[in-house]
Undergrad: 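Can you keep this structure in mind? I'll have questions shortly.
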Amino acid sequence: MASHSWKDAYRGMSSDNIKGLVLALSSSLFIGASFIVKKKGLKKAGASGVRAGSGGYSYLYEPLWWVGMITMIVGEIANFAAYAFAPAILVTPLGALSIIISAVLAHIILREKLHIFGILGCVLCVVGSTSIVLHAPQERPIESVTEVWDLATEPAFVLYAVLVLIAVFVIVFHYIPLYGHTHIMCYIGVCSLVGSLSVMSVKAMGIALKLTLSGINQLVYPQTWAFTFVVLLCVITQMNYLNKALDTFNTAVVSPIYYVMFTSLTILASVIMFKDWDRQNPSQIITELCGFVTILSGTFLLHKTKDMVDGQIPLSVRPPKHMDDEEDGIDHESVPLTLRRVDTSSSMRSP
C-alpha cells in the first residue's frame with residue numbers, strides 16, 4: 001500500500017521536464033563558458049588598446065570576444081526555450097550551474113585560484129540541483145496561450161502582481177532617491193520583483209512559440225503579444241536597475257544577493273500562477289526547498305571565497321567599487337536576468 005502511494009507520488013520525469021532540464025543544463029554550459037572566452041578576448045584586446053575597465057571599447061574589434069558573446073546568446077536562447085518545457089521551479093535554480101562552470105573553467109584555462117571552500121560550494125550547488133531535478137513537479141499540460149492568460153488573471157496571481165507593482169513604485173520613487181547609493185537592496189529589490197513577473201511572461205511566450213511550431217498558431221491571440229510587451233518592459237527595467245547596482249556596488253556582493261532574491265521570488269510567482277506544488281506531496285516540496293537552500297549555500301560560499309587562496313584571510317564583503325572590474329576588465333561571475341545575464345562589460349555598453 002505504501003509502495004503503491006509512493007509510486008503514485010513519484011512517477012519519474014516527464015519527457016517535457018527532461019527536455020527542459022537538458023536545455024537548462026546546456027544554457028548553463030554555454031553561458032559559463034562564454035565568460036571565460038570573453039575574458040580572454042578582453043585581456044587580448046586590453047594588451048593592444050584601452051582596457052574595458054578603463055572605459056575602452058577595443059574589445060569590440062577582438063574576434064575572441066565576439067565568440068564569447070555568440071556563445072552567451074546561444075545559452076540564453078536555450079534558457080528561454082527551457083521555460084517552455086519545464087516549470088520555473090526546475091529551470092531557474094539551475095542558473096547557479098553557470099557560476100560553477102565559469103569558476104572551474106577559470107581555474108583550468110585562466111589559471112585562477114579556486115579555494116578549497118570554493119570547490120565545496122560547487123559540490124553543494126551540484127547536490128542541491130540534483131535534489132531539485134529529482135523532485136521537481138511535472139509540467140502543467142497547456143494547449144493554448146489563453147490558458148496561461150487565465151492562470152495569470154486568477155485572483156491569487158493578480159494580487160501578487162499588484163503587490164509587486166506597488167512595492168516597485170514605492171522603492172523607485174521613495175527609497176531609491178534616499179538610499180539607492182548606500183543600500184544595495186533598493187536596486188536589487190526592483191530587479192528581483194520585476195524579474196519574477198518577467199519569467200512568468202517568458203514562460204508564456206515560450207509555450208506560445210512551442211505550440212506555434214507544433215502547428216497550433218498562437219500568434220493570432222492578443223494574449224501572446226501582451227505577454228511579449230510585459231517581457232520587454234520588465235527586461236528593460238531589470239537592465240536599468242541592475243546596471244545601476246553593478247555601477248554602485250561590487251559585483252561579488254550584487255551577484256549572490258540578486259540570485260537569492262530573483263530565484264526565490266520567481267519560484268513564489270510560479271507556485272502562485274501555475275500551482276506547481278498542488279501536484280506534489282509535502283515530502284517532495286520539503287526536499288525541493290532543501291535543495292534550493294543547498295544551492296544558495298553553495299553560491300554564497302563560492303562567491304565569498306572566489307578571491308581567496310588557501311591559507312588566506314577572507315576579503316571584506318564589500319571591497320571598493322569597481323576594484324574587480326579595473327583589475328580584470330570584466331566580472332568573473334554572472335548575474336541571472338531572465339533572458340540574459342548582465343556582466344560588467346554590458347553595463348559599460350549601456351547608455
Undergrad: Is any side-chain heavy atom of L302 less than 4.5 Å from a side-chain heavy atom of F117?
TA: no

Undergrad: If you define the side chain from C-beta out and look only at heavy atoms, does anything of S144 sit under 4.5 Å from I216?
TA: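 SC-SC contact between S144 and I216 ruled out.
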
Undergrad: Between atom CD1 of I267 and atom CD1 of I132, what is the distance when rounded to the nearest 0.5 Å?
TA: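 Here the interatomic distance stands at 6.0 Å.
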
Undergrad: S196 side chain to L193 main-chain N or O, any donor-acceptor pair under 3.5 Å?
TA: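 A pair under 3.5 Å: yes.
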
Undergrad: Using every non-hydrogen atom in the two residues, find where S129 and L97 come nearest and quote the distance to one decimal.
TA: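 Minimum heavy-atom contact is OG-CD2, 3.6 Å.
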
Undergrad: Spell out, yes or no, whether M200 and F85 are grouped together once hydrophobic residues are joined by side-chain heavy atoms under 4.5 Å, including indirect joins.
TA: no

Undergrad: Answer with yes or no whether the hydrophobic clustering places L23 together with F30; edges join I, L, V, M, F, W, Y residues whose side-chain heavy atoms lie under 4.5 Å apart.
TA: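 No, because L23 and F30 fall into different hydrophobic clusters, even though each may have its own neighbours under 4.5 Å.
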
Undergrad: Counting only N and O atoms by type, is there a donor-acceptor contact under 3.5 Å from the side chain of K203 to the main-chain atoms of A86?
TA: yes

Undergrad: If I take atom CG from residue L242 and atom OG from residue S192, how far apart are they, to the nearest 0.5 angstrom?
TA: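 Reported to 0.5 Å precision, the distance equals 9.0 Å.
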
Undergrad: What closest approach, in Å, do P177 and V172 show between heavy atoms, and which atom pair accounts for it?
TA: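 Scanning both residues completely, I find the closest heavy atoms to be CD-O, 3.3 Å.
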
Undergrad: Applying side chain to side chain donor-acceptor pair (under 3.5 Å), run through S198 and Q238 and close with a yes or a no.
TA: CA-CA 9 Å; S198 68; Q238 284 178 268; 3.1 Å; yes

Undergrad: State, to 0.1 Å, how close L233 and T237 come at their nearest heavy-atom pair, and which atoms those are.
TA: O-OG1, 2.9 Å

Undergrad: Between D276 (side chain) and P87 (backbone), is there a donor-acceptor pair under 3.5 Å?
TA: no

Undergrad: I need the minimum non-hydrogen distance between G195 and T266, along with the two atoms involved.
TA: O-OG1, 4.4 Å

Undergrad: Working to the nearest 0.5 angstrom, can you tell me the gap between C125 SG and I99 CD1?
TA: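 It comes to 7.0 Å.
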
Undergrad: Give a yes or no on whether Y175 atom OH has more than 12 heavy-atom contacts from other residues, nucleotides or ligands under 6.0 Å away.
TA: no

Undergrad: Are any side-chain N or O atoms of Q223 and backbone N or O atoms of V145, one a donor and one an acceptor, separated by less than 3.5 Å?
TA: no

Undergrad: Would a 4.5 Å heavy-atom cut-off, applied to side chains only, mark L301 and S297 as touching?
TA: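 Not touching, per the 4.5 Å side-chain cut-off.
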
Undergrad: Of the non-hydrogen atoms in S98 and I31, which two are nearest, and what is the gap between them?
TA: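 Smallest interatomic distance, heavy atoms only, reads CB-CG2, 4.2 Å.
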
Undergrad: For T224 and Q218, indicate whether the former's side chain and the latter's backbone hold a donor-acceptor pair under 3.5 Å.
TA: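 Yes.
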
Undergrad: Scan residues 207-243 for pairs that pass ring-ring contact (aromatic ring centres under 6.0 Å, His included), counting only residues two or more places apart or in two chains.
TA: W149-F227

Undergrad: Main chain of G75, side chain of S27: is a donor-acceptor contact present, judged purely on distance under 3.5 Å?
TA: yes

Undergrad: In the single-linkage hydrophobic clustering (I, L, V, M, F, W, Y; side-chain heavy atoms under 4.5 Å), do M261 and V235 co-cluster?
TA: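 Both belong to a single hydrophobic cluster.
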
Undergrad: Check whether any side-chain heavy atom of W66 sits under 4.5 Å from a side-chain heavy atom of K38, and report yes or no.
TA: no

Undergrad: Can you find a pair of side-chain heavy atoms, one from L94 and one from L21, that are under 4.5 Å apart?
TA: yes

Undergrad: Drop me the distance from S270's OG to F157's CZ, to the nearest 0.5 angstrom.
TA: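 Spacing of OG (S270) from CZ (F157) equals 9.0 Å.
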
Undergrad: Does any N or O in the side chain of Y83 come within less than 3.5 Å of the main-chain N or O of G20, such that one atom is a donor and the other an acceptor?
TA: no

Undergrad: Does any N or O in the side chain of H135 come within less than 3.5 Å of the main-chain N or O of S131, such that one atom is a donor and the other an acceptor?
TA: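 Between the backbone of S131 and the side chain of H135 there is a qualifying donor-acceptor contact (under 3.5 Å).
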
Undergrad: Count I, L, V, M, F, W, Y as connected when their side-chain heavy atoms are under 4.5 Å apart, and connections chain through other members. Are V230 and L151 then in the same cluster?
TA: no

Undergrad: Indicate yes or no: at least one non-hydrogen side-chain atom of K39 is less than 4.5 angstrom from one of K44.
TA: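 The answer is no, as the side chains (C-beta and beyond) never meet within the 4.5 Å cut-off.
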
Undergrad: Does some side-chain heavy atom of V190 sit less than 4.5 Å from a side-chain heavy atom of I176?
TA: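 I176 reaches V190 side chain to side chain.
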
Undergrad: If two hydrophobic side chains count as joined below 4.5 Å and joins carry through other members, does I236 share a cluster with M205?
TA: no

Undergrad: Do the rings of H183 and Y179 sit parallel, tilted or perpendicular, given the 30° and 60° boundaries?
TA: perpendicular

Undergrad: Side chain to side chain contact (heavy atoms under 4.5 Å, CB included) for Y258 and C191? Distances and angles first, verdict last.
TA: CA-CA 8 Å; Y258 182 39; C191 293; 3.5 Å; yes

Undergrad: Ion pair present between K40 and E62, side-chain N to carboxylate O less than 4.0 angstrom?
TA: no

Undergrad: Look only at the side chain of T71 and the backbone of V67, and say whether a donor-acceptor pair between them is shorter than 3.5 Å.
TA: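 Present.
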
Undergrad: Between CG of L25 and CG of N79, what distance do you get to the nearest 0.5 Å?
TA: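 Nearest 0.5 Å value for the CG-CG distance: 11.0 Å.
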
Undergrad: Checking I101 against F35 for the side chain to side chain contact (heavy atoms under 4.5 Å, CB included) test, could you report, in this order, the C-alpha distance in whole Å, the side-chain angles of both residues, the deciding distance, and whether it holds?
TA: CA-CA 10 Å; I101 293 170; F35 294 130; over 6 Å; no

Undergrad: Could you tell me if the side chain of I142 sits less than 4.5 Å from the side chain of F274, heavy atoms only?
TA: yes

Undergrad: Could you go step by step and tell me if I188 and F249 meet the side chain to side chain contact (heavy atoms under 4.5 Å, CB included) rule?
TA: CA-CA 11 Å; I188 298 301; F249 304 95; over 6 Å; no

Undergrad: Would you please test E143 and L211 for side chain to side chain contact (heavy atoms under 4.5 Å, CB included) and show each step?
TA: CA-CA 7 Å; E143 298 179 356; L211 292 172; 5.7 Å; no

Undergrad: Under 3.5 Å, side chain of Q284 to main-chain N/O of N281, donor-acceptor pair present?
TA: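 Side chain of Q284 to backbone of N281: a pair is present.
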
Undergrad: Looking only at heavy atoms, which two atoms of A269 and Y160 are closest? And how far apart?
TA: CB-CE2, 3.7 Å

Undergrad: Return the OG1 to CG distance between T228 and L219, rounded to the nearest 0.5 Å.
TA: 8.5 Å

